[in-house]
Visitor: 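Below is one structure. I have some questions about it.
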Number of protein chains: 2
Amino acid sequence: MGLTKTEIFSDRQNRLAQMMKALAHPARIAIIQQLVKSQACVCGDLVEELGLAQATISQHLKELKNVGLIKGTIEGTSVCYCIDGKVWNQYRSAFESFFVTYVNKDDCC
Amino acid sequence: MGLTKTEIFSDRQNRLAQMMKALAHPARIAIIQQLVKSQACVCGDLVEELGLAQATISQHLKELKNVGLIKGTIEGTSVCYCIDGKVWNQYRSAFESFFVTYVNKDDCC
DNA sequence: CTTATTCATCGTAATATTACAATAAACATT
DNA sequence: AATGTTTATTGTAATATTACGATGAATAAG
């Protein structure tokens, strides 16, 4: 137990859930917002901006990298992260498709 | 440790993360989709539709209820669940606001 | 009143997540 | 080469999540 039963759900459902999960932490939201704001790519500045340990930030960055939302390129001794526009758009349309399915009728109960 | 440091993030960030979390499981996605599809409210039919134990479904329903996305009304011995249109719209616009912040320029790295 | 039916809750096991100190790896600087 | 800087990784503790059987509470049916 304690293990999500992905087999019984559709690929779409699993993928959407995974997308949500990638953003289901305030630190990862904050990281994304920083990357959006500082049009140029930030790197370890994130550690100063957010108040978390370097190891923790690195861990969150890894998760965001794993789902493809961000990518990092090495620049000397530091790493420059930025948002992957393609994946961002995929997320955006996946979320929109999900939310558009429900049309507001009078609540039935 | 192991406890999210909500204090260091803004209310907006925490709320958005919580919304994502509510939908960060395929079973909860599937439940919502069922409720959208069967315009009338479903109840324990969910247990048959998805392949999870009754206790598990009940637990997921509770989480969705906690964030306000769905509401349930007792009908005799069964419970009728449906989406709360107001909260749905709040979610929708919160997600849209988030995704609209990033405008696709050429990826910088 | 007794017996089903339906759903919520409790208890519990397995697994995942979050956070950080400590360390390693890679490059830059002296 | 030796030292510093920056990031990733490893190990670990605390907490959260997921799933389900068992039980309880409420109403319906007999």
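Per chain, numbering begins at 1; letters A, B, ... match sequence-line order.
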Visitor: Taking the side chain as everything from C-beta on, heavy atoms only, tell me whether B/Leu69 gets closer than 4.5 Å to B/Met19.
Guide: no

Visitor: Quick one: B/Asp45 CG to C/dC7 C1', roughly how many Å, whole number?
Guide: 13 Å

Visitor: Which letter, B, S or -, goes with each nucleotide of nucleotides 24-30 of chain C from 5' to 3', with contact meaning a protein heavy atom under 4.0 Å?
Guide: ---SS--

Visitor: Can you tell me if A/Ile74 has over 12 outside heavy atoms packed within less than 6.0 Å of its CD1?
Guide: no

Visitor: Return the orientation label for the A/Phe98 and B/Trp88 ring planes: parallel under 30°, perpendicular over 60°, tilted otherwise.
Guide: tilted

Visitor: Does atom CD (A/Glu48) have a neighbourhood of more than 12 heavy atoms from anything else shown, all under 6.0 Å?
Guide: no

Visitor: Check whether any side-chain heavy atom of A/Arg28 sits under 4.5 Å from a side-chain heavy atom of A/Ile32, and report yes or no.
Guide: no

Visitor: Round to the nearest Å and state the distance from B/Leu52 atom CG to C/dC7 atom C1'.
Guide: 16 Å

Visitor: Given C/dT18, C/dA22, C/dT6, which nucleotide is nearest the side-chain atoms of A/His25?
Guide: C/dT18

Visitor: Return the nearest nucleotide to the side chain of A/Ala53; candidates are C/dC20, D/dA19, D/dT7.
Guide: C/dC20

Visitor: What's the CG-C1' distance between B/Leu64 and D/dT18, to the nearest Å?
Guide: 14 Å

Visitor: Any donor-acceptor pair under 3.5 Å joining the side chain of B/Gln59 to the base of D/dC20?
Guide: yes

